[in-house]
Amino acid sequence: QVQLVQSGAGSVQAGGSLRLSCAASTYTYRPTHVGWFRQAPGKEREGVAAIYTGGGSTYYADSVKGRFTISQDNVKNTVYLQMNSLKPEDTAMYYCAAGFIPFFGSNWYRSGMYNYWGQGTQVTVSS
């Protein structure tokens, strides 16, 4: 069993920045990929970004490209989502997720690619 503990929730004004963290508990095998998803009220959950832990390849939704950066610290078993130039439409509950199945970059945004999920952290961006 893997536990993902998220931190970094907050409220900022448009144009501000936040950094979310996703720390994984001890595990026998490192996840092959870690992703960030978000869900706004009344909307479906959507993939925001993902990282292939083996090679460090990263993937982003078009809506966050150039503003968000996903990164990993293998020593701390933590994945980060740095969010800059935040917009009101970024307001949502954010979830990190870890996958232990073979990873295909073209499917990074599919929930089914992930086996374990964090508890969620709220990000609110005011105009």
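Just so it is clear, the model here is predicted, and its values are computed rather than measured.
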_Side-chain heavy atoms of Q6 within contact of W36, under 4.5 Å_ = yes

_How long is the straight-line distance from OH of Y94 back to CD of Q39, given to the nearest 0.5 Å?_
12.0 Å

*If two hydrophobic side chains count as joined below 4.5 Å and joins carry through other members, does W108 share a cluster with I51?*
no

*Contact summary for F100 and Y116, nearest pair of heavy atoms*: CE1-CD1, 3.7 Å

_Considering all heavy atoms, the nearest R67-L86 contact_ = NH1-CA, 3.8 Å

*What do you reckon, is CD of Q119 surrounded by more than 12 foreign heavy atoms closer than 6.0 Å?*
yes

*Rounded to the nearest 0.5 Å, what separation is found between the OG1 atom of T78 and the CG atom of L4?*
10.0 Å

*asked:* Measuring from atom CD of Q82 to atom CD1 of I70, what distance do you get when rounded to the nearest 0.5 angstrom?
replied: 12.0 Å

*Do M113 and V48 sit in the same hydrophobic cluster, where Ile, Leu, Val, Met, Phe, Trp and Tyr count as joined when their side-chain heavy atoms come under 4.5 Å apart?*
no

*Write down the atom of Y60, the atom of A49, and the distance for their closest heavy-atom approach.*
CD2-CB, 3.6 Å

*Nearest-0.5 Å distance that lies between atom OH in Y95 and atom OH in Y114*: 16.0 Å

_Are M83 and V125 packed together at the side-chain level, in the sense that at least one heavy-atom pair is separated by less than 4.5 angstrom?_
no

*For A14 and S127, work out which heavy atoms get closest and say how close.*
CB-CA, 4.3 Å

_Centroid separation Y59 to F103 less than 6.0 Å_ = yes

*Going by an N to O cut-off under 4.0 Å, is there a salt bridge joining D90 and K87?*
no

_hydrophobic_cluster_shared for M93 and V123, side chain cutoff 4.5 Å_ = no

_Restricting to non-hydrogen atoms, name the atom on G47 and the atom on A61 that form the minimum distance, rounded to 0.1 Å._
O-CB, 3.5 Å

*asked:* Are the side chains of R38 and V64 in contact, using a 4.5 Å heavy-atom criterion?
replied: yes

*Compare all side-chain heavy atoms of Y80 with those of T69 and state whether any distance is below 4.5 angstrom.*
no

*Supply the atom-to-atom distance R110 CZ to F37 CZ, rounded to the nearest 0.5 angstrom.*
10.5 Å

*To the nearest 0.5 angstrom, please state how far the OH atom of Y52 sits from the OG1 atom of T58.*
13.5 Å

*Are Y109 and I101 connected, step by step, through hydrophobic side chains (Ile, Leu, Val, Met, Phe, Trp, Tyr) whose heavy atoms are closer than 4.5 Å?*
yes

*Using a 4.5 Å cut-off on heavy atoms from C-beta on, say whether the side chain of T121 contacts that of S7.*
no

*Which atom names give the shortest non-hydrogen contact between N84 and S17, and what distance separates them?*
OD1-OG, 2.9 Å

